[in-house]
**Student:** 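For reference, the structure I am asking about is given below.
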Amino acid sequence: MNQATAYANANIALVKYWGKRDHPLNIPCVSSLSMTLNDFGTTVSLSWSTSGAHETLIDGARVHAHVAMRTARYLEQLRALYPFDGFFVVSSTSNVPIASGLASSASFYAALATALNKILDLRLTVRDCSKLARVGSASAARSLFSRFAVLHGGLHCDHHDAYADSTIAHQNLDLAMVIAVVSDQPKPISSREAMVQSKATSPFFDAFVATQPKDFARAITALRDGSLETLGTIMEHSTLKMFSTMWTAQPAINYWHPHTIALINAVYELRLMLGPVVYFTMDAGPNVKILCSQTVLPDVVRFIAQKSLTQHLYVVTPGQGAYVMDAS
Ligand code: PMV
């Protein structure tokens with residue numbers, strides 16, 4: 001096959017993963033639960049390079065050396081798992097701001113793994129392809145699946161049992177997410193480095209890991225039973241526990257911006273007005289993602305927009321998993 005193009009949406013964790021086991025293939029310390037977003041993602045085209053090295057292009061232009069190196073390192077890890085000859089040109093376009101905690105790498109690696117599965121004719125199942133995506137960015141494994149997905153942390157610290165899967169949501173649970181962008185500037189420290197630092201130095205990291213199985217199990221049940229109140233409450237708790245490990249790392253890591261806190265307070269105000277139908281989460285960055293029921297979405301958007309705290313507001317609903325767009 002000469003070329004393959006795949007598309008993947010970003011996903012946002014409702015129960016967070018943070019920290020990896022000591023393993024070269026990106027095995028998360030904990031299991032996580034996510035929502036795949038609609039129309040918020042990355043297209044990756046793969047073709048064979050004639051230059052004798054992997055090449056990475058974003059919007060048709062060559063990328064900074066450290067980004068190219070990360071992609072090349074990933075492709076070499078895959079070569080070790082699934083031997084192939086030659087080198088790739090990896091060309092991507094995205095509507096997700098890069099490296100600002102908006103899950104751009106999740107959509108990139110999910111699309112890349114899907115395109116690799118095609119161009120190398122690996123014929124992997126979606127579950128096995130999610131392991132390929134996980135090697136690039138653990139959260140990427142979840143973007144293989146539509147709507148809601150889990151990523152298993154893996155019991156045996158092994159590549160084979162740390163895969164993603166879809167999970168069921170109650171049919172009456174009509175969810176939407178408002179992505180409130182406070183800043184789309186690249187973050188000061190990558191999530192990759194931040195989680196290593198949190199794991200190595202925060203006294204709260206072990207508590208985050210120890211309490212995760214209960215959060216994860218309760219959130220899966222809440223999603224299945226259609227309880228936004230339980231799901232949202234666990235989501236906020238999981239988010240704040242994750243950030244606690246960053247604030248108490250040495251040196252401390254702080255992604256938050258004054259507007260981040262103002263937006264959290266706005267969510268509390270919305271909850272007082274609308275009831276238990278609106279909750280927040282965040283990732284490694286200052287931006288706030290607001291999960292709510294679709295019935296209150298217009299009120300949430302209007303209220304947040306009039307606070308003038310954000311550069312952009314994106315409104316998303318549960319979206320489709322990664323897919324091949326074209327191959328020849
Ligand atoms: O996929 P990574 O390794 O970039 O880590 C992302 C981790 C969080 O977004 C902060 C949480 C999550 O579960 O997605």
Side-chain angles (χ1 to χ4, degrees), residues 1-11 26 36-124 126 128-146 184-187 190-192 314 316 319-328:
M1 204 160 284
N2 294 322
Q3 65 88 26
T5 299
Y7 174 82
N9 281 309
N11 74 80
N26 254 354
T36 301
L37 314 181
N38 71 321
D39 298 335
F40 199 64
T42 303
T43 302
V44 173
S45 293
L46 276 181
S47 56
W48 295 98
S49 165
T50 50
S51 74
H54 300 298
E55 297 167 61
T56 306
L57 308 173
I58 297 181
D59 295 330
R62 278 181 198 285
V63 294
H64 198 276
H66 80 269
V67 179
M69 221 148 63
R70 182 172 166 191
T71 312
R73 207 181 309 122
Y74 170 71
L75 292 168
E76 289 310 312
Q77 281 183 296
L78 284 213
R79 196 197 295 278
L81 290 170
Y82 296 101
F84 60 86
D85 294 325
F87 296 90
F88 286 112
V89 179
V90 180
S91 181
S92 68
T93 55
S94 185
N95 63 350
V96 185
I98 292 174
S100 46
L102 292 167
S104 59
S105 66
S107 60
F108 173 76
Y109 281 102
L112 178 52
T114 304
L116 280 164
N117 188 24
K118 190 69 188 172
I119 201 168
L120 296 174
D121 198 24
L122 300 177
R123 300 174 191 220
L124 299 178
V126 190
D128 281 343
C129 195
S130 79
K131 296 179 206 163
L132 234 61
R134 189 207 68 234
V135 174
S137 171
S139 55
R142 301 182 308 234
S143 277
L144 270 287
F145 295 90
S146 297
D184 58 8
Q185 290 307 300
K187 51 198 169 203
S190 70
S191 55
R192 192 165 276 241
Y314 298 97
V316 290
Q320 196 181 345
Y323 58 91
V324 174
M325 296 172 74
D326 175 53
S328 54

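The chain is numbered in sequence order, starting from 1. Worth knowing before you read on, the calculation uses all heavy atoms, side chains too, and leaves out hydrogens, waters and symmetry mates.
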**Student:** Using 0.5 Å steps for rounding, measure from the OG1 atom of T5 to the CG atom of L46.
**Tutor:** 7.5 Å

**Student:** Does a donor on one side chain and an acceptor on the other come within less than 3.5 Å for Q3 and S328?
**Tutor:** yes

**Student:** Between N95 (side chain only) and G41 (backbone N and O only), is there a donor and an acceptor less than 3.5 Å apart?
**Tutor:** yes

**Student:** Just by distance, do the side chain of N38 and the backbone of V316 share a donor-acceptor pair under 3.5 Å?
**Tutor:** no

**Student:** Under a 4.5 Å cut-off applied to non-hydrogen side-chain atoms, are S49 and V89 in contact?
**Tutor:** yes

**Student:** Is the backbone of F145 close enough, under 3.5 Å, to the side chain of T36 for a donor and an acceptor to pair up by distance?
**Tutor:** yes

**Student:** Would you say that T71 contacts Y109 through its side chain, given a criterion of any heavy-atom pair below 4.5 Å between the two side chains?
**Tutor:** yes

**Student:** Between F87 and W48, does the ring centroid distance fall short of 6.0 Å?
**Tutor:** no

**Student:** To the nearest 0.5 Å, tell me how far R62 CZ sits from L57 CG.
**Tutor:** 6.0 Å

**Student:** What's the spacing between N117 CG and L124 CG if we round to 0.5 Å?
**Tutor:** 4.0 Å

**Student:** Should R79 and E76 count as an ion pair when the cut-off is N to O under 4.0 Å?
**Tutor:** yes

**Student:** Drop me the distance from Y7's OH to D39's CG, to the nearest 0.5 angstrom.
**Tutor:** 5.5 Å

**Student:** If you measure from CG on L78 to CG on L112, what distance do you get to the nearest 0.5 Å?
**Tutor:** 7.5 Å

**Student:** Using atom types as modelled, flag every donor-acceptor pair under 3.5 Å from a side chain in residues 132-140 to any protein atom, sequence neighbours excluded.
**Tutor:**
residue : atom : partner : partner atom : Å
R134    : NE   : L25     : O            : 3.1
R134    : NE   : N26     : O            : 3.1
R134    : NH1  : H159    : O            : 3.1
R134    : NH1  : A162    : O            : 2.6
R134    : NH2  : L25     : O            : 2.9
R134    : NH2  : H159    : ND1          : 2.6
S137    : OG   : S105    : OG           : 3.3

**Student:** Side chains of V90 and F108, heavy atoms from C-beta outward: is any pair under 4.5 Å?
**Tutor:** yes

**Student:** Classify the side-chain pair S143/N11 by whether it contains a donor and acceptor separated by less than 3.5 Å.
**Tutor:** yes

**Student:** Checking the side chain of S92 only, and the main-chain atoms of V44 only, is there a donor and an acceptor separated by less than 3.5 Å?
**Tutor:** no

**Student:** When rounded to the nearest 0.5 angstrom, what distance separates CZ in R73 from NE2 in H66?
**Tutor:** 10.0 Å

